[in-house]
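Each chain gets a letter, A, B and so on, in the order its sequence line appears, and its residues count up from 1.
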Amino acid sequence: MDGFIELDGVEKVFDVRRKAGFLRRERHRVRAVDGISFSVPRGGMVGYIGPNGAGKSTTIKMLTGILTPSGGRLRVAGIDPSRERTKLAHRIGVVFGQRTTLWWDLPLRDSYGLVRRMYRIPDGRYRANLDRCVELLDLGELLDVPVRQLSLGQRMRGDIAAALLHDPEVLYLDEPTIGLDVVSKAKVRQFLREINAERGTTVLLTTHDLTDIEQLCKRVMVIDHGRLVYDGGLSGLHATGGGERTLVVDLERELPPIEDAPGARTVKVAGPRQWLTFPADHSAAPIVAAVAERYPLVDLSIREPDIEDVIAKMYAERGV
Amino acid sequence: MADRFPVAAGLRGYALVVAMWVRSTMAYRASFAMTTIGNFAASGLDFVAILLMFSHIDALGGFSLAEVALLYGATSCSLGLADLTLGSMDRIGRRVRDGTFDTLLVRPVPVLAQVAADRFALRRLGRIGQGALVLGWGVAHVDVAWTLPKGLFTVVMVVSGAAIFASVFIAGAAFQFWATEAAEVQNSFTYGGSTLLQYPPTVFATELVRGVTFVVPLAFVNWLPALRLLGRDNPLGLPGWVDFCGPFVALLMLTGAGLLWRVGLRSYRSTGS
Amino acid sequence: MRLYAAVAVSGFRRYATYRVATAAGVFTNTVFGFVIAYTFIALWDERPHLGGYGQAQALTFVWVSQGLLAAMALLGGGFQEELQERIRSGDIAVDLYRPADLQLWWFAADLGRALFQLLGRGVVPLAVGALCFELALPADPLVWLAFLLSCLLGFAVGFGLRFLIGLCAFWLLDGAGVNMVSGLMGMFFSGMLLPLTVFPGPFGATVRLLPWAAMLQVPADVLLGLHTGAGLARALAFQAGWAVLLLAAGRVVQSLATTKVVVQGG
């Protein structure tokens with residue numbers, strides 16, 4: 001294996017104590033990560049997805065050296081994260097979606113000053129990196145504003161910049177777009193694309209938002225119950241999981257269910273609105289064309305499959 | 001390169017984070033001024049209580065007001081110094097619970113340094129100032145023929161006392177890796193301990209004095225050295241050299257607390273609780 | 001009314017879930033109880049009947065004060081830090097638009113907390129004190145009942161005070177300073193360090209009229225049986241008077257603060 005991030009049979013077992021009666025506690029083992037192997041090449045951009053509690057965060061915590069694996073082999077840039085945590089810290093950037101590392105009462109610029117000193121970033125590099133982040137993330141007006149006055153989206157952009165000032169080779173992002181408005185989401189995505197292309201930064205991101213994955217990652221890994229259940233392209237995920245997209249059409253009036261759209265199936269009718277599903281890897285164009293030609297169409301929209309839907313389907317079809 | 005000298009890296013990281021907190025507090029100047037003055041004035045209220053006691057009596061447990069002031073001032077200064085340098089370490093349980101502790105672990109600075117600097121507050125100088133005033137008053141009024149060695153001994157007493165309290169803060173923080181809500185336990189030993197040490201040991205039951213000598217050796221903060229200064233007998237009848245052991249006890253306790261911290265951090269990193 | 005009862009119940013439940021914290025607090029209260037008890041023994045050995053207390057009464061005062069410390073939030077804690085945090089983060093705007101009264105809401109939540117802490121953190125230290133020292137606890141259940149009533153009134157006074165302190169955050173943003181000052185004032189003027197009856201002369205007379213006296217000194221004296229008949233009525237009226245005054249002041253400040261939020265847009 002010559003990956004930049006390498007996992008080989010990595011496990012994490014927790015002993016959890018549960019309440020069992022008034023004072024008694026029952027111990028039982030939870031395999032949060034149950035033998036995961038994968039390899040990400042330098043410059044890769046990978047989505048790491050799965051339902052809540054699947055083991056995503058635990059994996060990220062092991063990759064950053066926060067948690068020590070219970071078994072298996074793990075290397076990031078040739079370093080064993082849990083044994084050389086501080087050494088690794090210089091080479092990775094981490095953004096925890098809902099936990100800001102910025103200083104609440106101080107201007108954004110001050111937080112960056114701390115990062116500069118903590119990571120001992122040379123002056124020239126620091127200025128160049130800060131300028132680039134400011135430009136791409138549109139932070140210029142915000143640098144002198146106390147963080148407490150920033151909106152959630154502005155703060156997230158500020159956090160992402162803070163994680164990149166020391167030129168990390170790997171960037172981990174845990175739910176980077178959660179709670180952001182559409183404009184902020186777009187900015188964050190655009191920025192990640194450019195950083196990845198420009199500097200070859202390896203990016204691993206967890207998300208609930210399939211659009212993040214679609215727009216950023218050629219490769220997706222799906223984890224569930226601590227195991228890797230899928231590793232490949234997004235389209236393959238749709239095919240494997242039998243993911244379906246939904247075409248929502250608003251007609252001029254109430255009509256019987258549409259039955260003659262090629263490759264689509266009407267699953268729901270409510271007044272003039274109808275829902276048609278079709279395989280996610282098929283193009284929507286012929287269906288839209290067919291409906292528009294034969295029916296009085298007022299409006300339409302296409303709903304992407306939700307990650308949870310896709311995974312649920314995947315399980316249902318495998319009979320797990 | 002700094003990683004080869006973890007202590008230097010730790011101190012540097014500590015200073016960096018401290019500077020940020022100082023700047024942060026300056027964002028709320030009114031509150032800062034008020035807290036510093038308040039800290040100075042209000043931390044003296046427990047000494048006012050002692051003064052009120054002495055308005056009714058001449059001696060408590062056989063100790064005069066000046067002698068009690070010496071005890072009070074010494075332990076207040078020690079606790080104040082420890083509180084200034086790492087007084088918010090008890091927030092670690094909260095950080096573990098809300099997940100912000102993880103953000104400290106991905107930085108290239110020893111975690112202990114970052115936790116020690118958390119919420120650093122200059123207002124705590126107020127307590128040190130108040131303690132120093134009482135100590136100075138006590139020193140001036142006790143019946144001791146002051147010499148340079150005795151003066152130095154007093155300084156060593158305060159500094160090693162601070163180190164002993166510091167080790168309690170660190171151990172208390174480490175304990176929270178296992179019991180994240182138990183922040184208050186350490187108050188028993190820091191604030192509770194300091195309240196105990198404000199009064200002469202003759203006031204307390206022998207078992208209690210034994211406990212703070214041999215189990216949690218807080219007696220080395222001020223009791224044993226101050227008794228020596230005041231020319232009084234050791235309440236447990238221990239040999240005289242024990243009175244000079246403060247610095248060694250402090251070193252021992254700091255080492256122990258450091259080890260406990262390492263074990264606690266390792267446990268956190270394997271359980272992530 | 002049912003809404004506020006539910007809020008109080010959830011306040012109680014919430015604190016009941018912090019088992020380890022409760023145990024840690026009980027431990028701390030007990031340690032402090034021992035330390036202060038011994039100093040009081042030394043003090044009352046020198047001056048029996050100081051402040052009108054016998055030694056057993058003085059020791060009872062110590063353990064009652066340790067038992068009430070958490071419930072009365074004499075050193076802070078309770079809700080005001082949470083209130084300040086909500087003001088600082090701006091979440092308070094949400095609270096103000098809720099169809100419930102801000103003061104009543106927090107009163108109910110804090111009453112729930114106080115009730116839990118009276119049981120969870122009050123009973124054990126008092127029991128330990130009673131086991132290790134000779135206390136002067138009353139046998140008459142009516143005295144205990146009067147004590148509980150006095151505690152409730154004392155709580156109302158404490159809440160009124162802490163609500164005002166919490167609201168200071170609207171103007172100061174950072175509440176750490178006022179909290180600390182108020183905690184230390186509470187500790188001193190409630191009688192936690194030394195019963196207020198021991199405070200000498202006009203200073204003592206003044207201190208006994210301040211609201212903090214209503215939070216600990218009065219309930220403790222009621223339990224010690226020092227207020228009976230008309231004296232008891234006067235003591236309770238003193239507490240009720242402060243409670244009404246402070247709660248009313250809280251309402252005024254609350255409306256000022258609300259205007260401020262509305263004007264600044266949150």
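For the options B:Val203, B:Leu45, B:Val185, heavy-atom pairs under 4.5 Å to chain C are most numerous at B:Leu45. Of all the listed residues (C:Met185, C:Met187, C:Arg121), the one sharing the greatest number of non-hydrogen pairs under 4.5 Å with chain B is C:Arg121. In terms of heavy-atom pairs under 4.5 angstrom with chain B, the leader among C:Ala42, C:Gly204, C:Gly183, C:Ala23 is C:Ala42. Contact count versus chain B (heavy atoms, under 4.5 Å) is highest, among C:Thr22, C:Asn179, C:Leu43, for C:Leu43. Looking only at heavy-atom pairs under 4.5 Å with chain C, the residue among B:Val48, B:Asp58, B:Ile37, B:Thr202 that has the most is B:Val48. Your options are B:Ala179, B:Ser55, B:Ala59, B:Gly93, and the one with the most heavy-atom pairs under 4.5 Å with chain C is B:Ala59. Chain C forms more heavy-atom pairs under 4.5 Å with one residue of B:Ala121, B:Pro200, B:Gly61, B:Ala49 than with any other, namely B:Ala49.
Side chain of C:Thr28 to main chain of B:Glu184: a donor-acceptor pair is present (N/O by atom type, distance under 3.5 Å, no hydrogens or angles). Remark: the backbone N or O of C:Arg47 is not paired with any side-chain donor or acceptor of B:His56 at under 3.5 angstrom.
Only the side chain of B:Leu208 has a heavy atom closer than 4.5 Å to any heavy atom of chain C. Interface residue C:Phe32: only side-chain heavy atoms are found under 4.5 Å from chain B. With a threshold of 4.5 angstrom between heavy atoms, C:Val178 approaches chain B through its backbone and through its side chain. Only the side chain of C:Val31 comes within less than 4.5 Å of a heavy atom of chain B; its backbone N, CA, C and O stay farther away. Neither the backbone nor the side chain of B:Ala27 comes within contact range of chain C; no heavy atoms are under 4.5 Å apart. Within the 4.5 angstrom heavy-atom criterion, only side-chain atoms of B:Phe189, from C-beta onward, approach chain C.
Of the inter-residue distances, the one linking C:Thr39 atom OG1 with B:Gln198 atom CD reads 9.5 Å to the nearest 0.5 angstrom. The CD atom of B:Glu181 sits 7.0 Å away from atom OG1 of C:Thr17, with the distance rounded to the nearest 0.5 Å. Atom CG of residue C:Leu194 and atom CG of residue B:Asp46 lie 11.5 Å apart, to the nearest 0.5 angstrom. Expressed to the nearest 0.5 Å, how far CG of C:Asp45 lies from CG of B:Leu60 amounts to 9.5 Å. Taken to the nearest 0.5 Å, the CD atom of B:Glu207 stands 10.0 Å off from the CZ atom of C:Phe34. Remark: C:Trp44 CH2 to B:Ile57 CD1 distance equals 10.0 Å, nearest 0.5 Å.
Counted within 6.0 Å of CZ on B:Arg97, heavy atoms from surrounding residues, nucleotides or ligands total more than 12; the atom is thus considered enclosed. Within 6.0 Å of atom CZ in B:Arg94, 12 or fewer heavy atoms from other residues, nucleotides or ligands are found, so the atom counts as exposed in its surroundings. More than 12 non-hydrogen atoms from other residues, nucleotides or ligands lie less than 6.0 angstrom from CZ of B:Phe47.
The aromatic rings of C:Tyr38 and B:Phe204 stand perpendicular to each other, their planes meeting at an angle above 60°, with 30° marking the opposite boundary.
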